[in-house]
Engineer: 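Just dropping this structure here.
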Amino acid sequence: MTHSDVRLIRTRLAVLAAVLITLWSYAAYVSSQDAVDLLRVRALADTLGQPIDRLILSLQTERRITAETVAGAGGTTPELVGARDATDRAAAEIREFTKGRDLRLLTAGAVRDRAGELVRRLDGLGTTRSRMDTGQLGLAAAIDGYDEVVDVAFRVYGPEWGAYESGLAADTRAVIALARARELLAREDTLVSAALTGARLGADERRRLTTLVGVQRYANAEAAAGLPSDGRAEQQRLATSPEFTALLALEDRLLLQAGTGNALAGVTVGEWRAVADTALGALQTLVTGTARSSVERATPGAAVLIARTGAVVGLGLIVVLVLLLSWAGTIRRLAEELTRPTAAAPAPPDAPAPPDAAPSGGAAERELFLGLTRRNQVLLRDQLSVLDLMQRRERSTEETGELFQLDHLTTRIRRNVEKLITLAGATPARRWRRPVPLLDVARGAVAEVPDYHRVLIAPHWPWSLAGPAVTDVIHLLAELIENALVFSGADTTVRVSGEHRPQGCAVLVVDDGPGLDAATLAEANHLLGNPPPDGPPAGLTGWYAAAVLAARCGAHVSLRPSRRGGTAAIVLLPARLVTVTDAGRTPAGASPDTPYPPARTDLPGPSGDGALPTRVRQPGPIGPEHGRTSLDTVEMPVARTARRHQ
């Protein structure tokens, strides 16, 4: 697997992770929103619902007693003082709510605003009381003042109380509707009680009474329709009870007499008080009982909802984290496999993994052959991918680059195949009869390695290599160059150059990697000079392959530390293999089918660092009738910007 494969896998896993996190976030939001709504409704009922209910009841009582007092002799009675004290105690609970900070109500800002408005109205209630006590406020104005405060109290029950669409939310709305119907009956009670106390019911009061009775009966019927089954049955039983039957009969009498202008004839305060108090108490009992039974019914569903939310949010998060961590571990292992050095000395990356069946020579040698075969499979897969891309689009500039990439993959496959043949003791079919410029041999070696753009080749090579040794020297240099690329940083270069030696010439492959310690360097040099006949030692198959290739062509390979801290591999080519030519050009008389073109010594490059050569092919037709085959074609790397030695 290459670095590009790892990057592709990392990108795909990142996309999958983003999709997975998005799906989990949406599911967690939907589930938690239901739970938050449920918790908010419960918190509002506990912290504000009951105090509001007590406040409304206290205001209703104070309003009635105030109306009776204003309609009667006036002044402040002990009964009125007690009613005001009860209202003030209930108002104190509302004030405490507006000052508190319950975490369950962080999203109930609108409820707090309405509760704050109620507190401000309650603060103004003292002015209403004072004006009434001093006779500055009439009966109708006093009743209207209390009605406005009660309306503000009911507005605190906003949409937040039923935002969560469940049985509890529906029951909550029905209970609030029933409480509003009870408020209409309480207003009717206030109006009739004041009229009976003052023995007077004017035209405006008669019209208001008629409206209140009609609206109150309609509101009761609407509230009953929204109640749960047990609450509906209880309301129907209450509507047919003697208490409510007496209330309906008395209301009918008042409405009938109101049309004649004598609405209060035959109706006493005691008679009305007994009927009204009984009906109001029964309605309050129905409201309280319905609310309690709704909570009891909703408790199991709430537990299931909380458990589901916990499973989606908690277990879902755990699953997401486990998957992300496992993916991260996979990427890390793949990256480590690409950069992990061998236990002893750096080996060319074509060092293999073990096969079940391979040529004789020991387990390590079988390891080498299967590894090379597997690398061929990987390269062929990459080659097929490039071909697929080419087939999906028309010819373009990109296709030219893909064609070169295809040639490069094919060249690397050919290298592995020929190396297998060489290590098996046979001779590859591709060979040369005439000398080849040593610069082109170095270029051919660079063409057989990945990351070839990191390789700098010196421009001056005044030698030619004997034809029979070309294949082995190309593969030998490719082994050393690829080894130097793998075990040096991705931002560094590998330098290839030639030097005159009394015995012939030397090719130097120098990297800027971490280098080798003295023991490892001595072991590697021993193996390079004396390859064992029974196969490579474990973990040193790369150096073994280089040693076998050097022995076949008569070269000598040694390692030494470089001046810049890396490792320098020196390939000594004896005089019988090399001849000095004119400035590195192909000697006169070379065969026209020599597969390496003339060297490019005019490429720019400061301080002797030549640019990578341009990709070229030997000109002329290919075919048996011309004495050339496709195996004689050599792929050279594409020209890149020249880089200086570091």
Side-chain angles (χ1 to χ4, degrees), residues 53 56-72 83 128 137-155 157 175-226 235 238-239 241 243-284 286-287:
D53 190 39
I56 291 174
L57 291 177
S58 299
L59 287 171
Q60 290 171 348
T61 302
E62 183 180 346
R63 178 180 57 191
R64 177 183 59 79
I65 296 175
T66 298
E68 291 175 345
T69 302
V70 173
T128 302
L137 200 64
L139 176 61
I143 293 176
D144 289 342
Y146 281 99
D147 289 351
E148 290 176 1
V149 177
V150 173
D151 287 339
V152 173
F154 270 109
R155 281 201 293 272
Y157 297 108
V175 169
I176 294 174
L178 190 61
R180 287 183 179 273
R182 185 187 182 281
E183 162 62 11
L184 292 173
L185 180 58
R187 292 186 181 186
E188 179 186 340
D189 175 35
T190 298
L191 180 61
V192 174
S193 296
L196 291 174
T197 302
R200 176 182 175 279
L201 188 65
D204 291 339
E205 285 79 5
R206 289 197 298 271
R207 284 194 297 272
R208 186 174 182 183
L209 175 62
T210 302
T211 301
L212 282 173
V213 170
V215 173
Q216 179 263 131
R217 290 180 178 180
Y218 175 79
N220 262 313
E222 284 294 307
Q235 196 275 342
L238 186 62
S241 64
E243 297 85 354
F244 263 81
T245 302
L247 174 65
L248 293 175
L250 194 53
E251 287 176 341
D252 290 340
R253 283 175 56 189
L254 291 172
L255 292 175
L256 182 61
Q257 293 171 2
T260 64
N262 190 21
L264 301 179
V267 181
T268 64
V269 174
E271 181 182 6
W272 173 257
R273 185 84 272 119
V275 172
D277 287 345
T278 301
L280 288 170
L283 278 177
Q284 182 59 30
L286 178 61
V287 170

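Quick caveat: nothing in here was measured; it's all calculated off a predicted structure. Both backbone and side-chain heavy atoms feed into the values below; hydrogens, waters and symmetry mates do not. Residue indices begin at 1 and follow the sequence shown.
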Engineer: How would you list, by chain and number, every residue that makes a side-chain hydrogen bond (donor to acceptor under 3.5 Å, both in side chains) with Ser241, sequence neighbours excluded?
Structural biologist: Glu243
Engineer: Residues two or more places apart in sequence or in another chain: which of them pass side-chain hydrogen bond (donor to acceptor under 3.5 Å, both in side chains) with Ser193?
Structural biologist: Asp189, Arg273
Engineer: Mind checking what makes side-chain hydrogen bond (donor to acceptor under 3.5 Å, both in side chains) contact with Glu222, not counting sequence neighbours?
Structural biologist: none
Engineer: Going by heavy atoms in the side chains, are Val150 and Arg63 under 4.5 Å from each other?
Structural biologist: yes
Engineer: My understanding is that only residues two or more places apart in sequence, or in another chain, count here; which of them pass salt bridge (charged side-chain N to carboxylate O under 4.0 Å, His left out) with Glu205?
Structural biologist: none
Engineer: What distance separates Leu250 CG from Leu255 CG, expressed to the nearest 0.5 Å?
Structural biologist: 10.0 Å
Engineer: What closest approach, in Å, do Val269 and Thr197 show between heavy atoms, and which atom pair accounts for it?
Structural biologist: CG2-N, 4.3 Å
Engineer: To the nearest 0.5 Å, what is the distance between CG on Leu137 and OG1 on Thr128?
Structural biologist: 6.5 Å
Engineer: Looking only at non-hydrogen atoms, find the nearest pair between Ala194 and Ala71 and report the distance.
Structural biologist: O-CB, 3.3 Å
Engineer: Name all residues meeting the salt bridge (charged side-chain N to carboxylate O under 4.0 Å, His left out) criterion together with Arg207; count only those two or more places apart in sequence or in a different chain, and write none if there are none.
Structural biologist: Asp204
Engineer: For Asp144, what residues pass the side chain to side chain contact (heavy atoms under 4.5 Å, CB included) criterion, not counting sequence neighbours?
Structural biologist: Asp147, Arg208
Engineer: What's the shortest heavy-atom distance between Phe154 and Glu183, and which atoms?
Structural biologist: CE1-CB, 3.8 Å
Engineer: Of all residues at least two apart in sequence or in a different chain, which pass the side chain to side chain contact (heavy atoms under 4.5 Å, CB included) check with Ser58?
Structural biologist: Ala86, Thr87, Ala90
Engineer: Taking all heavy atoms of Ala246 and all of Val275, pick out the closest pair and write down the distance.
Structural biologist: C-CG1, 4.0 Å
Engineer: In chain order, what residues pass the side chain to side chain contact (heavy atoms under 4.5 Å, CB included) check against Val215, with sequence neighbours excluded?
Structural biologist: Leu184, Thr211
Engineer: Looking at residues at least two apart in the chain, or sitting in another chain, which of them share a side chain to side chain contact (heavy atoms under 4.5 Å, CB included) with Ala224?
Structural biologist: Gln235
Engineer: Under the rule for salt bridge (charged side-chain N to carboxylate O under 4.0 Å, His left out), what residues qualify as partners of Glu62, not counting sequence neighbours?
Structural biologist: Arg84, Arg129
Engineer: About how many Å separate CG of Asn220 and CG of Leu178, when rounded to the nearest 0.5 Å?
Structural biologist: 6.5 Å
Engineer: The criterion is side-chain hydrogen bond (donor to acceptor under 3.5 Å, both in side chains); which residues satisfy it with Glu251, sequence neighbours excluded?
Structural biologist: Gln216, Arg217
Engineer: Show the nearest heavy-atom pair for residues Val152 and Arg155, with the distance to one decimal.
Structural biologist: CG2-NH2, 3.0 Å
Engineer: Going from CH2 on Trp272 to CG on Asp277, what distance comes out if it is rounded to the nearest 0.5 angstrom?
Structural biologist: 10.0 Å
Engineer: Under the salt bridge (charged side-chain N to carboxylate O under 4.0 Å, His left out) rule, collect the residues that match up with Arg182, sequence neighbours excluded.
Structural biologist: none
Engineer: Please round to the nearest 0.5 Å and tell me the distance separating atom CZ of Arg180 and atom CG of Asp151.
Structural biologist: 7.5 Å
Engineer: Rounded to the nearest 0.5 Å, what separation is found between the CG atom of Leu196 and the CG atom of Leu254?
Structural biologist: 7.5 Å
Engineer: Verify side-chain contact (heavy atoms from CB on, under 4.5 Å) between Leu283 and Leu238, making sure each step is shown before the conclusion.
Structural biologist: CA-CA 8 Å; Leu283 278 177; Leu238 186 62; 4.2 Å; yes
Engineer: Provide the closest heavy-atom pair for Ile56 versus Ala153 in the form atom of the first, atom of the second, distance.
Structural biologist: CG1-CB, 3.9 Å
